[in-house]
Structure formats: structure tokens, C-alpha cells
Amino acid sequence: MAPVATAENVASTNGPSNGSEAHPLKAVSTKVFNPFYSPSAGDFDDSEGDAAYEFAKYKPYFPDVKWAPLKEQPIIERALLADPEKKSLLSAATKIQHLTPALGTEISGIDLRQLTDQQKDELALLIAERGVVFLRDQELTIQEQLDLARHYGPLHKHASTPVPREPGLEEVHVVYNDASRRPDPTAFSKLELWHSDVSYEIQPPSITSLKVIAGPPYGGDTLWTSGYALYSSFSPGFQKYLEGLYAVHSSQAQADGSRAAGHPLRREPIDTVHPIVRVNPATGWKAIYVNPGFTRRIVGLPKAESDAILTLLFRQLGENVDFQVRFHWEPNSIAIWDNRAVTHSATFDFWPHTRHALRATPHGERPISVEDYERQGKVAKDRQIDLWTQQGIPLPAIADASVKPRGYSD
């Protein structure tokens, strides 16, 4: 992984004894800033700066408090209560636009503040099916955003990242970057930014929402990639092999980054083991559940084999554009995604502009393996095959050695 975030690497400044100039690399003091593991506290810490900023009360704050370790909590899967056709939700929209075949849908004409419980359940099912849903021009307050999130489960409180300065919002995760610190490409690779939120928790998040309240004039997009599509892309034999594997997800690097930045930890870091292929109970579809941000190794495999498999999975989720959707934010845009089915990554191309967003994060169930899901008498499904079957499309034949690969004309 990348060097620890914000660690200061100060080289010697003493020049050679003969009076000649020191080597330029020996006189440079650098602050290595990894924006993923070490969130910014911002540069508006004085009262004059705060007075000039509309959303100062939602700027990052790092309370020095201690919380008990998380314990497993009961979860109601709201999507299972929804009308499969989602008539109540979709009939209220003025436009429904799927953005890619694999994932991503933008809905127009719906005010999230006005949703009935039935519509909220149908929204959860749509998100579970499409991975991520986008809505613009949403005026809901952070309290209303939290209320919507609570419909889907008990809210997560992050152990190290910032909460708003305004009291009583410890369940809000603040995403904030401004001109005070420039992301340093020596500290991280773009691949490492892909993650599923706090996947190291015993009950990682389900239906998660992020609302941008202030953004740059351009840039600052977020990308999502489908764990369903990643699973579907592999051969049946490799799919079966992956279904029997478990991986370690760790919060240690995030905790180290927080400490290096001088921020307190509200809970101690943990490692948790989750299945590499998890089944989303809302859809019954199988998804690859690893991410470069938090997944460290595969349990029980030789390191070379573990590294090779994780490298393949990480590169496919980060580099295969057929699995991805990209969203350009505007103020009051909101994205709601299913952390069980998708992985996402921010872009940091907008410096020195400010990007400020608020996240509400309900816990989901403990990740369910294919074996555990099917032990309940259910059948876990490959999303792509399931959709083709529903549409009456003949399934592709398994290729044999006599089949010649096809080229592309473009």
C-alpha cells in the first residue's frame, strides 16, 4: 500500500563539506497526503473564514471521544418488502434514465422528503438492482437525510473520519477537501482509492447516501463499479473457486492515517473476515466483495496465490470500464448506492477548489456467503444470467478449444 498518509518525510538539509550545492532531493521537506486514509480538516479554521462559508457548521470536526466496539445488530431488509415492479416509486418520477447496462440510474421528478415507506422500500430494491441511483435538486436537510437512512438500518458512526462541527451529528460522515492540502500522487495510486465503505466492520453498510452541498465548477466526479458484473465476467470454474474463499478486511491503514494527521481514534482498528463472493439478500445476486482500500489478504492461501487473485480482482474492478458508471456532481445532487453490490472511487482532479459532501450510512447484514445463503433453501444467482433468462435471451454456450476468438471493428 501507499506510504502512511500525512507522514512528514524530512531529508537532511546539510550540504556537502566542500561548499557545493546539496543534491536537490536532500533539501526537500514534503508532506505526503493520501486523501483516502487521512481526510482534510480544511483551511477555514478561523472565524473570519467560517463567516464567509455558507456550510461552515458542516465542516470537519474530530471529537476526542471513545466508543465501544460495534456489536451485531438485527437488520430488516426493506427491499424484500417492496413491490417487485416498484410501481409506487416509478410512477411518481418524471424521468428514469439507466446510465449503463451494468449499473447506475438517474431519477428525475422525485423529492426524497416526500417518499412514503412503500416508496422507500421500492427505492431500496431499485438501488440493490442497479447498484447506485442518482437524484439532483434535492433540498433535504442532513436531518432528513439521516431519517431516510434510518429507514434502512441502524446508522454507522465512523471511528476516525470527521463529523460536522454542529453538535448532535455524530452519525454523519463528512467528505471535505479544499485548497489547504493538495493530494500528493507519491502517496497513493488511483487503484487504491477504490473501496466499499468501512468493509472491515462486522456489518458493513447497505443503502448509503451522499449529498454534495458545495462542489467545484468542474471535476470532482465519483465512479462506481459493479461487483455483480465483476462476478459475471469470470468463468464458471473461477466463480466456484472464489465462492469458497474468505478475505481479511482491515481498518488499520485508515487508523494509521488518522493518527499521522493528529486526529483521535474513537474506536480501535479491527480486522474482519468476509466472503469474497457475497449474496445480496435483496436480489439473491452474487457479487465480488473485495476492495483495494480495505481488503488485505485471502485466508488460508499462500501469499503468492492470495496476492495474484486480489491483484486480478482489484485491477478488474478499477480498470474494466464496462462495469463502471461516472457521476458529475452539482450542489444538492445525491447518490444512493448499495455498498454490498458496488465499489466506488472519488476523483481528486478539482484542487484547489472545495468539494464538500455529507454521508449517511446504515448498517447492513453480516455478509452472507453463497453456501450460507443456499443453506436457507434459496438459490444464489448470477445477475447477468438471471437478467438474460428473464428477458428470454438464449444463454451463451460455454466456449471450447475449437471456438476462435472474435475481433473488434472499432
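Side chains included, hydrogens not; waters and symmetry mates left out as well; all remaining heavy atoms used.
Aromatic pair Trp224/Phe134: centroids less than 6.0 angstrom apart. Between Trp337 and His344, the ring center distance clears the sub-6.0 Å criterion.
If you check the side chains of Tyr289 and Thr295, you find no donor sitting under 3.5 Å from an acceptor. In this model, a donor atom of one side chain and an acceptor atom of the other lie less than 3.5 Å apart for His98 and Thr105. Inspection of the Tyr200 and Gln254 side chains reveals an N or O donor paired with an N or O acceptor under 3.5 Å. Between the side chains of Ser199 and His249, at least one donor N or O sits under 3.5 Å from an acceptor N or O. Inspection of the Asp271 and Ser250 side chains reveals an N or O donor paired with an N or O acceptor under 3.5 Å. With hydrogens and angles left out, the side-chain atoms of His151 and Asp121 include a donor and acceptor closer than 3.5 Å. No hydrogens or angles considered: a donor-acceptor pair under 3.5 Å links the side chains of Trp285 and Asp386.
Salt-bridge annotation for Arg383 and Glu129: absent, with no side-chain N of the basic residue lying under 4.0 Å from a carboxylate O of the acidic one. Between Glu171 and Arg150 there is a salt bridge, since at least one side-chain N of the basic residue sits less than 4.0 Å from a carboxylate O of the acidic one. Ion pairing between a basic and an acidic side chain is recognised when a charged N comes within 4.0 Å of a carboxylate O; Lys378 and Glu374 show no such pairing. Between Arg278 and Glu243 there is no salt bridge, since no side-chain nitrogen of the basic residue lies less than 4.0 Å from a carboxylate oxygen of the acidic one. A salt bridge links Glu166 to Lys57: one of the charged nitrogens lies within less than 4.0 Å of a carboxylate oxygen. Between Arg259 and Asp256 there is a salt bridge, since at least one side-chain N of the basic residue sits less than 4.0 Å from a carboxylate O of the acidic one. With salt bridges taken as basic N to acidic carboxylate O contacts below 4.0 Å, one links Lys303 and Asp307. A salt bridge is absent between Lys95 and Glu106: the closest approach of a Lys/Arg side-chain nitrogen to an acidic carboxylate oxygen does not fall below 4.0 angstrom. Salt-bridge annotation for Lys211 and Glu139: absent, with no side-chain N of the basic residue lying under 4.0 Å from a carboxylate O of the acidic one. Ion pairing of Asp372 with Arg375 is present here, as a side-chain N (NZ or NE/NH1/NH2) and a carboxylate O approach within less than 4.0 Å.
Between the side chain of Glu77 and the backbone N or O of Ala79, at least one donor-acceptor pair lies under 3.5 Å. When atom types are taken as modelled, the side chain of Gln145 and the backbone of Leu358 share a donor-acceptor pair closer than 3.5 angstrom. Checking side-chain atoms of Gln203 against main-chain N and O of His363 turns up no donor-acceptor pair under 3.5 Å. Without hydrogens or angle criteria, Gln138 side chain to Asn332 main chain gives no donor-acceptor distance under 3.5 Å. Remark: the backbone N or O of Tyr58 is paired with a side-chain donor or acceptor of His356 at under 3.5 angstrom. Gln316 places no side-chain N or O within donor-acceptor distance of the main-chain N or O of Leu230, the cut-off being under 3.5 Å. A distance-only check finds a donor-acceptor pair linking the side chain of Glu192 to the backbone of Ser189 [under 3.5 Å]. No donor-acceptor distance shorter than 3.5 angstrom exists from the side chain of Ser226 to the backbone of Val342, with no hydrogens or angles considered. For the pair Gln73 (side chain) and Glu365 (backbone), a donor-acceptor distance under 3.5 Å is absent. Remark: the backbone N or O of Glu201 is paired with a side-chain donor or acceptor of His274 at under 3.5 angstrom.
In plain terms, the two heavy atoms of Ala253 and Arg296 that are nearest each other are CB-NH2, 3.7 Å. Nearest heavy atoms, Gln239 versus Phe234: NE2-O, 3.3 Å. Heavy-atom minimum distance, Trp194 versus Pro292: O-CD, 3.3 Å. The two residues Arg165 and Pro60 make their nearest non-hydrogen contact at NE-O, 3.9 Å. Ser160 approaches Leu265 most closely through the heavy-atom pair CB-CD2, 3.6 Å. Minimum heavy-atom separation, Thr100 to Arg130: O-NH2, 2.6 Å.
Counting heavy atoms of neighbouring residues, nucleotides and ligands inside a 6.0 Å radius, atom CZ of Arg267 exceeds 12 of them. Within 6.0 Å of atom NZ in Lys190, more than 12 heavy atoms from other residues, nucleotides or ligands are found, so the atom counts as buried in its surroundings. The neighbour count for Arg315 CZ, taken as heavy atoms of other residues, nucleotides or ligands under 6.0 Å away, does not exceed 12. By the neighbour-count criterion of 12 heavy atoms within 6.0 Å, atom CD1 of Ile76 is sparsely surrounded, having that number or fewer from other residues, nucleotides or ligands.
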From CA spacing to verdict: side-chain hydrogen bond (donor to acceptor under 3.5 Å, both in side chains), Asp221, His328: CA-CA 5 Å; Asp221 298 353; His328 175 66; 2.9 Å; yes

Residues Ile288, Val290; criterion side-chain contact (heavy atoms from CB on, under 4.5 Å); working and verdict: CA-CA 6 Å; Ile288 300 294; Val290 298; 3.9 Å; yes

CA sep, side-chain torsions, deciding dist, call: Tyr218, Asp349, side-chain hydrogen bond (donor to acceptor under 3.5 Å, both in side chains): CA-CA 9 Å; Tyr218 44 84; Asp349 56 358; over 6 Å; no

Steps toward side-chain contact (heavy atoms from CB on, under 4.5 Å) verdict (Tyr246, Ser369): CA-CA 9 Å; Tyr246 290 75; Ser369 69; 3.5 Å; yes

side-chain hydrogen bond (donor to acceptor under 3.5 Å, both in side chains) between Asp197 and Thr208, worked out: CA-CA 9 Å; Asp197 294 322; Thr208 301; 4.5 Å; no

side-chain contact (heavy atoms from CB on, under 4.5 Å) between Leu125 and Lys86, worked out: CA-CA 8 Å; Leu125 179 57; Lys86 301 174 281 292; 4.2 Å; yes

CA sep, side-chain torsions, deciding dist, call: Ser232, Asp382, side-chain hydrogen bond (donor to acceptor under 3.5 Å, both in side chains): CA-CA 6 Å; Ser232 296; Asp382 180 321; 2.6 Å; yes

Steps toward side-chain contact (heavy atoms from CB on, under 4.5 Å) verdict (Val299, Val248): CA-CA 7 Å; Val299 176; Val248 175; 3.9 Å; yes

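Shown are Leu223, Leu103, Thr222, Thr225; of these, the side-chain contact (heavy atoms from CB on, under 4.5 Å) with Val325 is made only by Leu103.
Put simply, the side chain of Pro204 reaches to within 4.5 Å of the side chain of Pro367, judged on heavy atoms. Side-chain contact between Trp351 and Asn177 is absent, with no heavy-atom pair separated by less than 4.5 Å. A 4.5 Å side-chain heavy-atom check between Leu112 and Ile334 finds at least one atom pair inside the cut-off.
For the atom pair Asp117 CG and Ser88 OG, the distance stands at 10.5 Å (nearest 0.5 Å).
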